[in-house]
Amino acid sequence: MKERYDFKTIEPKWQARWAEQNLYTAPDGGGKPKYYCLEMFPYPSGKLHMGHVRNYSIGDVVARYKAMQGFNVLHPMGWDAFGLPAENAAIKYGAVHPAQWTYENIAAMREQLKQLGISYDWDREVATCHPGYYQWTQWLFLLLYKRGLAYKKKAAVNWCPSCATVLANEQVKDGGCERCKTAVEKRELEQWFLKITAYADRLLKDLDKLPGWPDKVKIMQDNWIGRSEGAEITFTIDGLEESMTVFTTRPDTLFGVTYMALAPEHPLVEKLIAGKPQAAAVRALALSVRGQSDLARTATETEKIGLFTGAYGINPVNGEKVPIMAANYVLMEYGTGAVMAVPAHDQRDFEFARKYDLPMRVVIQPAGAELNPDTMTEAYVGAGLMVNSGSFNGMPDSEGIAAVIRYLEEKGWGRGLVNYRLRDWLISRQRYWGAPIPIIYCEQCGIVPVPDADLPVMLPMDVAFTPTGRSPLEDQAGFVNTVCPACGGPARRETDTMDTFMCSSWYYYRYTSPRDTEQPWDPASVRYWLPVDQYIGGVEHAILHLLYSRFFTKVLCDAGLVANEEPFTNLLTQGMVLKDGSKMSKSKGNVVSPEDIVAAYGADTARLFILFAAPPERDLEWSDQGVEGCYRFLNRVWRLVAPLSDSLAGLPLPASGKMPGVNGEMRRMTHVVIKRVTEDVGNRFNFNTAVSAIMELLNAMYQYKEVPELDRDPGVLKEAVETLLVLLAPFAPHITEELWSLTGHGGSVHRMPWPLYDPEAIQEDEVTIVVQINGKVRERLLAPAGAKPDELQELALGQEAIKLLIAGKQVVKVISVPDKLVNIVVK
RNA sequence: GCCCGAGUGGCGGAAUGGUAGACGCAAAGGACUUAAAAUCCUUCGGGAGCAAUCCCGUGCCGGUUCGAGUCCGGCCUCGGGCACCA
């Protein structure tokens, strides 16, 4: 018997055997209930990092646990394989084609995943860059197009004039190009959008149908969608045949408008300033805000800048002329890109009005205080009665909102409206390495979708990656020039590709029938497997990826292609892996490579540590010594179990129920641990405390082995050993499998049913109760387990020591918690 | 700035509103060994005490409660997201 377990031999041996036995293939159907366990698929960057190991270790515990619980488990893996880094690599290293780079990375990472021993059904692997996959991404784009959910409009992109290329937000650092530092410009391009706003209300309301999602994620999505009720109000413009429509959530303050503000890049601005002296200055402001992110523009520390346009708006309700400003704090993307300003009752308007000395009028008066516009130090945003508001005077503002909307609708000046912060989804990318948008432009017929039969629109492989100022696809005459499917005349292909979020919004459907060449998925398979029962991934995806996937699912459900309204029933958002308090990154030089850890300690140790070091939702601090500790633990398991060899075979397990003495204590521990691990893994996902409990079981077994052999019941030891291996199997699958076979068991430990605890075995006769007086611990006493509160109180008050302590005082109240404590409140 | 989290020993963390610090790491002392490694045993929040034991202690300030690490209000610090990284 070896002192240490030989992971270098054991792990590859079992990985090969599991693959031969197809241990992880899941049939569509059968007698067992289904369970779809899914981890977010990785971008094939080249190497697995610790965040991946954490994600997939968590998923593997869930998948293996559910399989042992008797579920038919689908546990697939694939690759989110389109994206910027492959193209960057091609540009940087010249000779490497993004496809080659990507497929080589996939091969390397697949190998690493296999070395971790995760229970994937590799027959279902997908890669989004494979034509057999992106054919269906294109098909789904066309489905959206046919349903009126895809449209084109102008939108700005980041443009580096020096590199002559479009930049992703990530490639813009401090307003300059990441590579050459040149100031980034904005360029307006015709781009494709998906109408996710049409689903805003359902995406919001259906969050209530997701009790298995963390509240924080639901709150973030709720805020992201940003529903607000209010009114759209149209102001005419003095002396011009133009009008200006604003959105406000506070129509009750309409009489308090003292100026209006437009986003500087608003198309109306040009008409207002035409021929006026301030025209040049306003245009300069428009140019400067275009280069800024919304983030920078709306930050309160950013100075609010505004310029008078020279024009006046006319308030429909009182005919007042108010100046129209162009202001950097108004966003073109939100609402109508124009606001009515009520400085007395909106903080941003207040600050702006103070800075530019604009007038202020109080129209909501709180009870008890008299607001004075000259002495106010901040806007009053609370409740009150309407004043200075014509016929509405004296009305509470809460009623005023609806009343003003009714009035505006009667007069035709405006209407009640629900506005969302959510914007439509821009999917056009001026990039090569993505799924081509399957659209053809014909001089005669206009926009023509590629017929289903012509899919996929193949990405040409012979492409140069020298920046030319155009997307690489535009220089591919063979790709661009085509014939119109409708009239047969000459036509051009769309050269933009799709946002990779499109590819990742539906991959969990493809896993159900990944090799289907006739349709994106087999409807029967999807009906059987979906929705995903457990989805696991980084919290950084809490908004975009999860919202887009929910949107896709709702469209597919409306189209009758899937039966589920939501894609993911339960969601677990895992924290990051840190080293020395910050995220592992090459630039910080604090990266710990999973390869090195697996080579030095084996996959079981790496997985166990990462599950033990922190609860899954929290960030995890990497510790080399902590890894050592887990390795020691597995060796302790090995040294206890391996020498037993097949000495336990044939022994009967103890009968259920209570047992006296040391055997009873051992048996009690075994069953307490079954209970704790089952609750920690099954209900709470507290894998760290589950591992702790298994460690306690092992410690108890070592102590039990110290008991003279005559006093021990070998069946109790057998039960403890089997329990230890079965409970540990999802965490450390290789060593447990090896020990399972060493101790004379046939079959795989991963096919064992998850154990049930024996409630009688863990029952205690007596428990220690704490007696407190006025919340301070005064005495401990033994009480029958499960005693009722009344009985406990009687017992405590009957104690001589307690009687002495409370003598001469008045007992106000006695509180007792069964099996815990009695608190006596005295005066 | 806006939205969402998290702060507990030397460290990672544990604790249905009920004995704060389970489990693990590190450290110190000891056993075994010619020696080292490995392994095993003991101690391990701070303070007082010979001891039984007592007092203090969960980022800060306040509140609710017989009782708060946990609930509520207000701060501070750190982290995630902010729409073309995925």
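Numbers restart at 1 for each chain; the letters A, B, ... are given by sequence-line order, proteins then strands.
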How many whole angstroms separate atom CD1 of A/Ile543 from atom C1' of B/rG80? 10 Å

Rounding to an integer number of Å, can you tell me how far A/Gln703 CD sits from B/rC40 P? 13 Å

Pair A/Trp192-A/Glu494, side-chain donor/acceptor within less than 3.5 Å: yes

Classify the nucleic acid contact of A/Ile219 as base, sugar-phosphate or nothing, counting any heavy atom under 4.0 Å across all strands shown. sugar-phosphate

Anything under 3.5 Å between a protein N or O and an N or O of nucleotides 20-23 of chain B, put it in a table, one pair a line.
from   : atom 1 : to       : atom 2 : distance (Å)
B/rA22 : O2'    : A/Glu696 : OE2    : 3.4
B/rA22 : N1     : A/Ser692 : OG     : 3.4

Determine the contact category for A/His541: base if any of its heavy atoms lies under 4.0 Å from a base atom, sugar-phosphate if only primed atoms, P, OP1 or OP2 are that close, otherwise nothing. base

Within less than 4.0 Å of OP1 or OP2 of B/rA83, is there a side-chain N or O belonging to A/Arg421? no

What is the separation between atom NZ on A/Lys820 and atom C1' on B/rG67, rounded to the nearest whole Å? 14 Å

Which atom pairs, donor and acceptor, lie under 3.5 Å between side-chain atoms of residues 697-705 of chain A and protein residues at least two apart or in another chain?
from     : atom 1 : to       : atom 2 : distance (Å)
A/Asn699 : OD1    : A/Arg636 : NH2    : 2.8
A/Tyr702 : OH     : A/Arg636 : O      : 2.7
A/Tyr704 : OH     : A/Asn663 : OD1    : 2.4
A/Tyr704 : OH     : A/Asp713 : N      : 3.2
A/Tyr704 : OH     : A/Asp713 : O      : 3.3

Over all strands shown, is A/Leu620 touching base, sugar-phosphate only, or nothing at heavy-atom distances under 4.0 angstrom? nothing

Donor-acceptor pair (no angle test) under 3.5 Å: A/Gln191 side chain, B/rC84 base: yes

Atom CZ of A/Arg429 and atom C1' of B/rC85: how far apart are they, to the nearest Å? 11 Å

Identify the pairs formed between an N or O of the protein and an N or O of nucleotides 73-75 of chain B at a distance under 3.5 Å, and give each distance.
none

So, OP1 or OP2 of B/rG1: does either fall under 4.0 Å of a side-chain N or O from A/Arg348? no

Scan A/Trp224 against the nucleic acid and name what it touches under 4.0 Å (heavy atoms): base, sugar-phosphate only, or nothing. base

How close or far is atom P of B/rC85 from atom OH of A/Tyr43, stated in whole angstroms? 13 Å

Taking any heavy-atom pair under 4.0 Å as a contact, classify A/Glu617: base, sugar-phosphate, or nothing. nothing

Check the distance between B/rC82's P and A/Asn223's CG and give it to me in whole angstrom. 15 Å

Classify A/Met40 by what it touches in the nucleic acid, base, sugar-phosphate, or nothing, heavy-atom distance under 4.0 Å. nothing

Touch class at under 4.0 angstrom, heavy-atom based, for A/Ala542 against every strand present: nothing

On a heavy-atom basis, which atom in A/Met40 and which in A/Gly538 lie closest, and how many Å separate them? SD-N, 3.9 Å

Contact class for A/Ser428 vs. all strands (heavy atom < 4.0 Å): base, sugar-phosphate, or nothing? base

All pairs passing salt bridge (charged side-chain N to carboxylate O under 4.0 Å, His left out) where residues 672-694 of chain A contributes a residue, at least two apart: A/Lys675-A/Glu679, A/Arg676-A/Glu696, A/Asp680-A/Arg684

Contact class for A/Val812 (heavy atom, under 4.0 Å): base, sugar-phosphate, or nothing? nothing

Picking from A/Asp496, A/Thr500, A/Asp499, what satisfies side chain to side chain donor-acceptor pair (under 3.5 Å) with A/Arg429? A/Asp499

Can you find a side chain N or O atom of A/Arg4 that sits less than 4.0 Å from OP1 or OP2 on B/rA37? no

Side-chain contact, heavy-atom cut-off 4.5 Å: A/Glu190 with A/Lys153? no

Select base, sugar-phosphate, or nothing to describe what A/Pro615 touches, counting heavy atoms under 4.0 Å on all strands. sugar-phosphate

How far apart are the closest heavy atoms of A/Arg54 and A/Pro616, and which atoms are they? NH2-O, 3.4 Å

Using a cut-off of 4.0 Å on non-hydrogen atoms, how would the nucleic acid contact of A/Gln347 be classed: base, sugar-phosphate, or nothing? nothing

A correct dot-bracket answer for RNA chain B, with pairs being Watson-Crick or G-U at under 3.5 Å, [ ] for crossing pairs and | for inter-strand pairs, is (((((((..(((.....[....))).(((((.......))))).((((....))))..(((((..]....))))))))))))....

Roughly how far apart, to the nearest Å, are B/rA14 and B/rG24 at atom P? 15 Å

N/O-N/O pairs, protein side and nucleotides 25-29 of chain B side, under 3.5 Å:
from   : atom 1 : to       : atom 2 : distance (Å)
B/rC25 : OP1    : A/Arg632 : NE     : 3.1
B/rC25 : OP1    : A/Arg632 : NH2    : 3.0
B/rA26 : OP2    : A/Arg632 : NH2    : 3.1

Under 4.0 Å between any heavy atoms, over every strand shown, what does A/Phe501 touch: base, sugar-phosphate, or nothing? Just pick one. base

Remember a base hit wins even if backbone is also touched, and classify A/Ile815 as base, sugar-phosphate or nothing at under 4.0 Å, heavy atoms. base

